[in-house]
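Just follow the structure's listing: the first ligand is 1, and inside any ligand the first atom is 1. Keep in mind it's a predicted model, so treat the numbers as computed, not measured.
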Amino acid sequence: MFNAQRCLVAQSLEEAYAANQKRTAAVMGGMCWMKMGHRRLQTIIDLSALGLDQIEAAADEITIGAMVTLRQLETSPVLAAEFGSAFADAVRPIVGVQLRNCATVGGSVWGRFGFSDVLTLLLALDVEVELYPGGRVPLEKFVRMPPDDQILVSLRIRRTGRAVAIQSHRNSATDFPVLAAAASRTPAGAWTLTVGARPQRAMRVEIALPAHPTREQADAALAAALAEVPFGSNMRAGADYRRHLAGVLLRRAVLQIEGGEA
Ligand SMILES: Cc1cc2nc3c(=O)[nH]c(=O)nc-3n(C[C@H](O)[C@H](O)[C@H](O)COP(=O)(O)OP(=O)(O)OC[C@H]3O[C@@H](n4cnc5c(N)ncnc54)[C@H](O)[C@@H]3O)c2cc1C
């Protein structure tokens, strides 16, 4: 459990950012992950008064505030209308409703966790991270940036009409994933595939896939593409098993989008 001397309920992003410049300060999301650590902090910075707990759709993008919980992602009619069951499928296996009611999307993305189901899905979409004061950064770039003193304000998902699906495998329910994999396809037929929990952080997979692949075409393209993806071993699974799983889960995600057998 971490230790903090005071909690600052920030009244503006400027105030939150200014307070976060000290090494002994930290922004708090739902604190589900922070509470597992042992940091001795002077100040924890609460963003809950800044109205960042909303999911809003505009004509060209969907904004997800940093304080939106994983449970909100799971139950949002806005996200369900745009992306079907993908957000619910991504977060439903994460521990239980109580944790998902606390854990935030801001903490999940900021943490850049190797095991993240949330990052695996978001990387398959057209997402920018809005930082204060740095402004917007593509998510793919953000996940490779070292953590700094900025505030993650929101995620912006461009409404490009992508169809998307995510699959994951766990050794037992509520455990971290052995592997997570997502696929998305633009209306023009361009595919984006991601693998996460490799066990390293989620990444996109470069692949030559026809707009409407048969199962055989998908298998051949996936075998070639996954040969280039680094997988690792840990207590949950070996690298070879993860590579095999990636092929299976990505094929299922592609077929799910195609409306075929999964
Ligand atoms: C037991 C357990 C099991 C889990 N299993 C899974 C799983 O299977 N799959 C999965 O994807 N995830 C899993 N998670 C992770 C979880 O989903 C969240 O990603 C995690 O708890 C972080 O979210 P949080 O809101 O609790 O962030 P916090 O713990 O509050 O913060 C995490 C980090 O982000 C920083 N931070 C938070 N918000 C901001 C912000 N707006 N701006 C700048 N910095 C910020 C904090 O300072 C801290 O460094 C698990 C977590 C736990 C505790």
Query raised in the report: In terms of ring plane angle, is the pair F83 and F87 parallel, tilted or perpendicular, where the classes change at 30° and 60°?
Result: tilted
Query raised in the report: Would you say the side chains of S154 and E130 form a donor-acceptor pair under 3.5 Å?
Result: yes
Query raised in the report: When you measure from atom 19 (O) of ligand 1 to every protein heavy atom, which one gives the shortest distance, and what is it?
Result: S108 OG, 2.7 Å
Query raised in the report: For ligand 1, is any non-hydrogen atom under 4.0 Å from D175's backbone (N, CA, C, O), its side chain (CB onward), both, or neither?
Result: backbone
Query raised in the report: Tell me, which protein residue and heavy-atom name are nearest atom 40 (C) of ligand 1, and how many Å apart are they?
Result: V27 CG1, 3.6 Å
Query raised in the report: Is there any N or O on C32 that sits under 3.5 Å from an N or O of ligand 1?
Result: yes
Query raised in the report: Hey, is R170 one of the residues with a heavy atom under 4.0 angstrom from ligand 1?
Result: yes
Query raised in the report: In the protein, what heavy atom is nearest to atom 4 (C) of ligand 1, and what distance, to one decimal place, separates them?
Result: F176 CE2, 3.4 Å
Query raised in the report: Where is the nearest protein heavy atom to atom 34 (O) of ligand 1: which residue, which atom, and how far?
Result: W110 CD1, 3.4 Å
Query raised in the report: Quick one: does ligand 1 sit under 4.0 Å from the side chain of V95, the backbone, both or neither, non-hydrogen atoms only?
Result: side chain
Query raised in the report: atom 38 (N) of ligand 1: which protein heavy atom is closest, and how many Å away?
Result: G107 N, 3.6 Å
Query raised in the report: Can you name the closest pair of heavy atoms from A26 and R39 and give their distance?
Result: CB-NH1, 3.9 Å
Query raised in the report: Counting only N and O atoms by type, is there a donor-acceptor contact under 3.5 Å from the side chain of R201 to the main-chain atoms of V143?
Result: yes
Requested in this report: Could you tell me which atoms of ligand 1, counted from 1 in the order shown, lie closer than 4.0 angstrom to a heavy atom of Q150?
Outcome: 43 (C)
Query raised in the report: Does CZ belonging to R159 count more than 12 external heavy atoms closer than 6.0 Å?
Result: yes
